[in-house]
Amino acid sequence: MCDATPCRRTQARLFRYTARMMKALLMGTLLLGATPSATPDAGSDGGQVSAAATVGTVASASGRLRVEVLSSMTPLRRGVQAFQVRITDAASGKPVPGVVLSVQPWMPAMNHGISEVPRVTARDPGTFEVSDADLFMPGVWELRFTLKGTVEDSATVTLKLGR
């Protein structure tokens, strides 16, 4: 323990920071406890995206590619998500083959991502399925994509999730 004023200020800041983190942890725990099961029901499609609607489209960082994100769940709600991602050439609109896609879901307002890495499965050339993305809080999320292989690029699609 120190008696100097700067030290007391530092301790107060640390206490406030710890209190905020504990509050965030508690909220996350409460929200995770209220999410529906990620296990598909018998007779379901196993989490694959079908009858999807576009929920976000952006140009890649280089401007050469177009990244489109589709979801069968609209409006988007918090919980485990499955998305279809289409990567096309911005000029021709044709699918880009040979791309290796990775994604990092990120919640900018809370400055955190998710602990489990979403599963990315290549389908057709330029088409991927992103599944097991547990976007456990309502609010604004970013899907930060990294594209490698025949191209080196990145893109960020912003999504707004409800409760």
Side-chain angles (χ1 to χ4, degrees), residues 21 24-25 27-163:
M21 291 299 108
L25 180 63
M27 290 300 293
T29 302
L30 291 172
L31 291 172
L32 283 174
T35 58
S37 170
T39 307
D41 296 318
S44 76
D45 63 0
Q48 292 185 0
V49 177
S50 59
T54 300
V55 293
T57 304
V58 297
S60 66
S62 71
R64 296 186 335 233
L65 303 174
R66 180 175 169 259
V67 178
E68 179 181 19
V69 177
L70 301 99
S71 176
S72 60
M73 181 173 52
T74 55
L76 295 173
R77 302 258 184 246
R78 70 180 172 86
V80 179
Q81 308 288 324
F83 299 107
Q84 183 179 18
V85 180
R86 294 183 188 154
I87 312 295
T88 56
D89 182 273
S92 69
K94 293 182 180 177
V96 180
V99 173
V100 177
L101 183 73
S102 63
V103 60
Q104 170 65 51
W106 191 257
M107 190 172 207
M110 300 297 283
N111 200 29
H112 67 71
I114 62 175
S115 57
E116 298 293 322
V117 176
R119 185 178 324 158
V120 178
T121 307
R123 296 294 181 202
D124 298 319
T127 303
F128 300 86
E129 181 179 322
V130 175
S131 57
D132 300 328
D134 188 6
L135 308 183
F136 55 89
M137 296 177 72
V140 176
W141 283 84
E142 295 176 347
L143 297 179
R144 297 177 175 181
F145 294 105
T146 302
L147 300 92
K148 296 189 176 195
T150 56
V151 297
E152 298 284 327
D153 213 337
S154 64
T156 300
V157 175
T158 302
L159 307 173
K160 173 87 166 111
L161 274 65
R163 293 194 176 270

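These figures come from a predicted structure and were not determined experimentally. Numbers here simply count residues along the sequence, with the first being 1.
- Atom-to-atom distance recorded for Asp132:CG and Thr121:OG1 is 9.0 Å, nearest 0.5 angstrom.
- Summarising the geometry of Trp141 relative to Phe136, their closest heavy-atom pair is CZ2-N, 3.9 Å, with the distance given to 0.1 Å.
- Heavy-atom neighbours of Arg77 CZ from other residues, nucleotides or ligands within 6.0 Å: above the threshold of 12.
- Of the inter-residue distances, the one linking Leu147 atom CG with Ile87 atom CD1 reads 4.5 Å to the nearest 0.5 angstrom.
- Residues Leu76 and Phe83 are in side-chain contact: their nearest non-hydrogen atoms beyond the backbone lie under 4.5 Å apart.
- In plain terms, the two heavy atoms of Ala90 and Gly63 that are nearest each other are CB-O, 3.5 Å.
- Atom CD of Gln84 sits about 12.5 Å away from atom OG of Ser131, to the nearest 0.5 Å.
- Counting only heavy atoms from C-beta outward, the side chains of Leu161 and Gln81 approach each other to under 4.5 Å.
- The shortest non-hydrogen separation linking Thr74 to Ala53 is CG2-CB, 4.2 Å.
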Chi angles and distances behind the side chain to side chain donor-acceptor pair (under 3.5 Å) call for Thr156, Glu142: CA-CA 6 Å; Thr156 300; Glu142 295 176 347; 5.2 Å; no
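- Remark: the backbone N or O of Ser92 is paired with a side-chain donor or acceptor of Asp89 at under 3.5 angstrom.
- How far CZ of Arg86 is from CZ of Arg123: 13.5 Å, rounded to the nearest 0.5 Å.
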Identify each donor-acceptor pair in which a side-chain atom of residues 93-118 lies under 3.5 Å from a protein atom, sequence neighbours left out, and give them as a table.
none

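- Listed for the Asp153 side chain is a donor-acceptor partner under 3.5 Å among the backbone atoms of Ser62.
- With sequence neighbours excluded, the residues satisfying side chain to side chain contact (heavy atoms under 4.5 Å, CB included) with Thr88 are Arg66.
- Nearest heavy atom pair, residue Ala155 against residue Val58, reads CB-CG2, 4.0 Å.
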